[in-house]
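Heads up, the thing below is written out as structure tokens.
Chain letters run A, B, ... following the sequence lines, proteins first, then strands; residues in each count from 1. No experiment lies behind these values; they were computed from the predicted model shown.
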Number of protein chains: 2
Amino acid sequence: MLHVAEAARVSVATVSALINGTATVSPELTQRIEQAIRDIGYKRNAIARSLKMGTTRTIGLTVPHITNPFFTDVVSVIQQAFDRAGYAVMLCCTDEDLNTQDEQIRLLLDRMVDGLIVARVGDGGILKGIVEQADVPVVLLDRVCEGVDTDTVVLDNRSAVFDAITYLANLGHRRIAYITGSFDISPMHDRMEGYRDALQAAGLAVEDELVRFGNFHEVDGYNATMQLLSLRDRPTAIFSANNPMVIGTMKAIRDIGLRCPEDISVACFDDFPWSDVFQPQLTTVAQPVQAIGEQAANLLLDRLAGNREAPPRKLMLKGRLMIRNSCHPLGAIARSVSA
Amino acid sequence: MLHVAEAARVSVATVSALINGTATVSPELTQRIEQAIRDIGYKRNAIARSLKMGTTRTIGLTVPHITNPFFTDVVSVIQQAFDRAGYAVMLCCTDEDLNTQDEQIRLLLDRMVDGLIVARVGDGGILKGIVEQADVPVVLLDRVCEGVDTDTVVLDNRSAVFDAITYLANLGHRRIAYITGSFDISPMHDRMEGYRDALQAAGLAVEDELVRFGNFHEVDGYNATMQLLSLRDRPTAIFSANNPMVIGTMKAIRDIGLRCPEDISVACFDDFPWSDVFQPQLTTVAQPVQAIGEQAANLLLDRLAGNREAPPRKLMLKGRLMIRNSCHPLGAIARSVSA
DNA sequence: TGACACGTTCGAAACGTTTAGATTAGCGTT
DNA sequence: AACGCTAATCTAAACGTTTCGAACGTGTCA
């Protein structure tokens with residue numbers, strides 16, 4: 001900018017005024033300055049600007065795994081929304097690890113991001129302190145967090161799973177297995193509640209041996225399913241509370257030599273683009289990814305626009321059961337199915 | 001930092017020296033300063049630091065579509081690599097549009113990223129100028145770019161497609177259709193070459209009506225396939241040069257009432273986690289995503305570490321044909337199949 | 001005792017912007 | 001002719017760091 005000012009024989013203040021339109025500058029100077037900018041190929045240094053202005057027009061986004069198709073889609077939507085608004089987004093993957101998350105949030109905060117969107121992990125870690133001292137606005141995505149009172153957009157996980165399990169029960173299944181991630185993240189907790197409640201509503205008991213834990217990865221789903229299928233009284237349906245794990249479930253079923261849905265029914269959380277096309281076409285709970293991403297972006301953009309005082313806003317969206325052909329009615333017991 | 005210095009009754013220079021370990025500071029002062037840092041909860045302002053140092057420890061990464069599983073995986077690998085190295089990554093999606101890409105690169109450059117990894121679009125746009133004036137190192141990912149001479153990691157697209165088409169020809173297919181994206185990005189060009197060469201090697205003619213263009217999206221694959229299937233002399237195999245488009249292909253086949261692989265064989269570029277599990281299990285060309293991401297990251301990290309003078313390094317990796325069950329041998333014509 | 005070296009600490013400039021307030025010029029009023 | 005008003009421009013401080021070179025105190029040596 002200094003060079004531009006010299007070349008145009010004006011002060012840097014005038015150059016700045018012209019660039020930002022913060023004051024009127026005469027036609028001749030405008031002319032001279034624009035010429036100089038072109039000659040020199042001047043680009044404003046956003047770092048210097050950020051230092052002075054105290055805002056970076058950059059936000060931080062952390063998710064557990066970007067390869068989980070749910071997060072992929074949400075990240076994509078959020079990125080687009082902020083791009084439209086002239087913000088850059090720094091993306092971090094926490095790999096479902098609290099320490100990593102803390103470290104990455106620190107990294108983002110160091111870089112003075114204007115806001116944070118976090119699909120948190122563990123108990124939230126340093127997130128609590130950050131929200132409390134209200135330095136930067138943060139919105140929680142997908143997962144609420146006890147003790148962290150801030151803008152949030154989550155799914156109604158309980159009722160989504162309730163519907164799915166009820167669907168299976170109505171098909172006549174009595175032994176419905178459930179594969180879940182750890183309960184310390186809220187969706188897993190809420191989904192389990194939906195499972196429990198649905199069984200109860202259907203007059204079925206919750207049996208411990210039918211509930212298995214995994215750590216969100218394909219291999220965990222595989223192992224869990226192997227255990228389930230080797231029970232003396234094998235389940236007739238399996239619901240996986242997480243998408244990557246269901247791949248493991250399908251592989252285990254294949255490896256053991258069973259067929260889905262003829263021998264065993266399968267449904268899972270989170271839809272993906274292929275589910276329509278390949279066999280079996282998986283029955284899934286689809287999250288409104290577009291809406292989730294947009295709402296999260298909007299909540300944060302609203303804070304960034306200056307609305308700091310409003311009390312935390314908690315949005316809860318509804319999932320949708322996508323019934324396809326991976327679940328069979330069970331013999332004569334099947335009742336009428338409510339879609 | 002000023003506050004810390006005051007609280008510890010030292011100068012900011014000393015605080016800086018301690019934090020960065022750039023000079024020895026006595027035990028008492030160390031003690032006082034560390035205490036003050038803790039008391040105040042001081043965090044270094046990376047923006048101010050960047051301004052002074054001229055480096056942001058941030059890189060920019062642009063891809064056409066993050067929801068394309070190939071890019072999802074590569075982004076994930078790259079993100080991890082830079083995270084380990086203490087860099088933040090700003091992610092942008094160009095949506096396969098040159099103007100968007102130019103805009104986003106400008107956005108990233110404004111923010112003084114230390115380097116750029118670009119899966120470019122169109123003819124490269126402002127990329128050329130950036131590489132020429134060598135302000136920031138850039139590595140090209142997945143796609144080379146005429147006139148942009150810089151570090152690059154790409155797949156050997158020609159031979160990957162050559163192998164796939166040869167495989168189909170060896171199965172006895174004579175009418176092998178090909179769905180491609182626009183040739184102005186290099187992989188599409190090279191893949192087409194592989195198609196042509198393989199047909200020729202198999203003694204088959206390239207027929208224009210069997211080559212269809214689409215714009216990388218599912219719907220394009222759908223339309224292209226619909227056209228192919230309504231030819232009087234229908235192809236017996238379809239190869240899709242892009243992953244999202246193959247979903248459209250499968251939907252079209254289903255909608256028209258055909259079965260894959262019994263009625264028509266299908267193969268495509270880019271592997272995805274589900275391909276093993278669902279029917280038909282798609283035969284695909286798998287890219288070594290892990291290696292691609294790591295190599296790209298390494299090339300850039302090497303430049304960032306100061307190796308600016310080395311001539312552009314061009315890496316070409318090999319794809320791998322994953323033979324599954326979406327391609328049938330064609331009647332008695334089938335020859336022995338080379339895996 | 002003075003000169004010198006060494007280890008520690010500090011003052012101040014610099015990075016590239018923005019912006020408040022000062023200055024200047026031009027013009028119309030009285 | 002002196003005055004005030006407005007519009008255009010400029011000066012200089014500030015943002016929070018890093019770093020160069022100077023300053024200071026202490027001990028060693030001649």
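- Listed nucleotides: dG16(D), dT17(C), dT19(C). Nearest to the side chain of Ala48(A): dT17(C).
- Here the nucleotide nearest the side chain of Val12(A), chosen from dT17(D), dA12(D), dT19(D), is dA12(D).
- The CD1-P distance, from Ile47(A) to dA14(D), rounds to 23 Å in whole Å.
- Looking at the side chain of Lys52(A), the nearest of the listed nucleotides dT18(C), dT18(D), dG16(D) is dT18(C).
- Atom CD of Gln133(B) sits in a crowded spot, with more than 12 heavy atoms from other residues, nucleotides or ligands closer than 6.0 Å.
- Taking only side-chain atoms of Asn20(A), from C-beta outward, the nucleotide of dT19(D), dT18(C), dC15(C) with the closest atom is dT18(C).
- Distance CG (Leu18(A)) to P (dT17(C)): 14 Å, rounded to an integer number of Å.
- Between the CE atom of Met1(B) and the P atom of dG16(D) there is a distance of 11 Å, given to the nearest Å.
- For the pair Met112(B) CE and dG16(C) P, the interatomic distance rounds to 9 Å; values are reported in whole Å.
- Between Arg49(B) and Asp110(A) there is no salt bridge, since no side-chain N of the basic residue sits under 4.0 Å from a carboxylate O of the acidic one.
- Without hydrogens or angle criteria, Thr94(A) side chain to Thr100(A) main chain gives no donor-acceptor distance under 3.5 Å.
- The distance from atom CG of Leu51(B) to atom P of dT18(C) is 12 Å, rounded to the nearest whole Å.
- Straight-line distance from the CZ atom of Arg9(A) to the C1' atom of dC10(D): 16 Å, rounded to whole Å.
- Side-chain nitrogen and oxygen atoms of Thr14(B) include at least one within less than 4.0 Å of the OP1 or OP2 phosphate oxygen of dC10(C).
- Residues Arg38(B) and Gln35(B) bring a donor and an acceptor atom of their side chains to less than 3.5 Å of each other.
- Heavy-atom nearest nucleotides on DNA chain C were determined for Ile19(A) and for Val10(B), and the one closer to the 5' end corresponds to Val10(B).
- With respect to the salt-bridge test (charged N to carboxylate O, under 4.0 angstrom), the residues Arg9(A) and Glu28(A) do not qualify.
- At a threshold of 4.0 angstrom between heavy atoms, the contacts of Met53(B) are confined to the sugar-phosphate backbone, with no base atom among them.
- Over its length, the helix from dT1(C)-dA30(D) to dT30(C)-dA1(D) turns its helix axis by 80°, as judged from the five terminal pairs at each end, rounded to 10°.
- The main-chain N or O of Gly125(B) is found under 3.5 Å from a side-chain atom of Asp123(B) such that the two form a donor-acceptor pair.
- Applying the 4.0 Å criterion to OP1 and OP2 of dT18(C), one finds that Arg49(A) has a side-chain N or O inside that range.
- Between dT17(D), dT19(D), dG16(C), one nucleotide has an atom nearer to the side chain of Ser16(B) than all others, and that is dT19(D).
- The pair Asp149(A)-Lys314(A) meets the salt-bridge criterion, with a side-chain N (NZ, NE, NH1 or NH2) lying under 4.0 Å from an Asp/Glu carboxylate O.
- In the displayed structure, Glu6(B) atom CD is contacted under 6.0 Å by more than 12 heavy atoms of other residues, nucleotides or ligands.
- We find that Glu96(B) and Arg143(B) are joined by a salt bridge, their nearest charged nitrogen and carboxylate oxygen being less than 4.0 Å apart.
- Leu2(A) places its CG atom 13 Å from the P atom of dC10(D), with the value rounded to the nearest Å.
- The nearest whole Å value for the distance from the NZ atom in Lys43(B) to the C1' atom in dT17(D) is 16 Å.
- When the side-chain nitrogen and oxygen atoms of Arg44(B) are compared with OP1 and OP2 of dT18(D), one or more of them lie within a distance under 4.0 Å.
- Taking CD1 of Ile47(A) as the start and OG1 of Thr56(A) as the end, the distance is 8.5 Å to the nearest 0.5 Å.
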Between protein and nucleic acid, restricted to nucleotides 5-8 of chain D and to nitrogen or oxygen atoms under 3.5 Å apart, what atom pairs and distances do you find?
{"residue": "dA8(D)", "atom": "OP2", "partner": "Thr24(A)", "partner atom": "OG1", "Å": "2.4"}

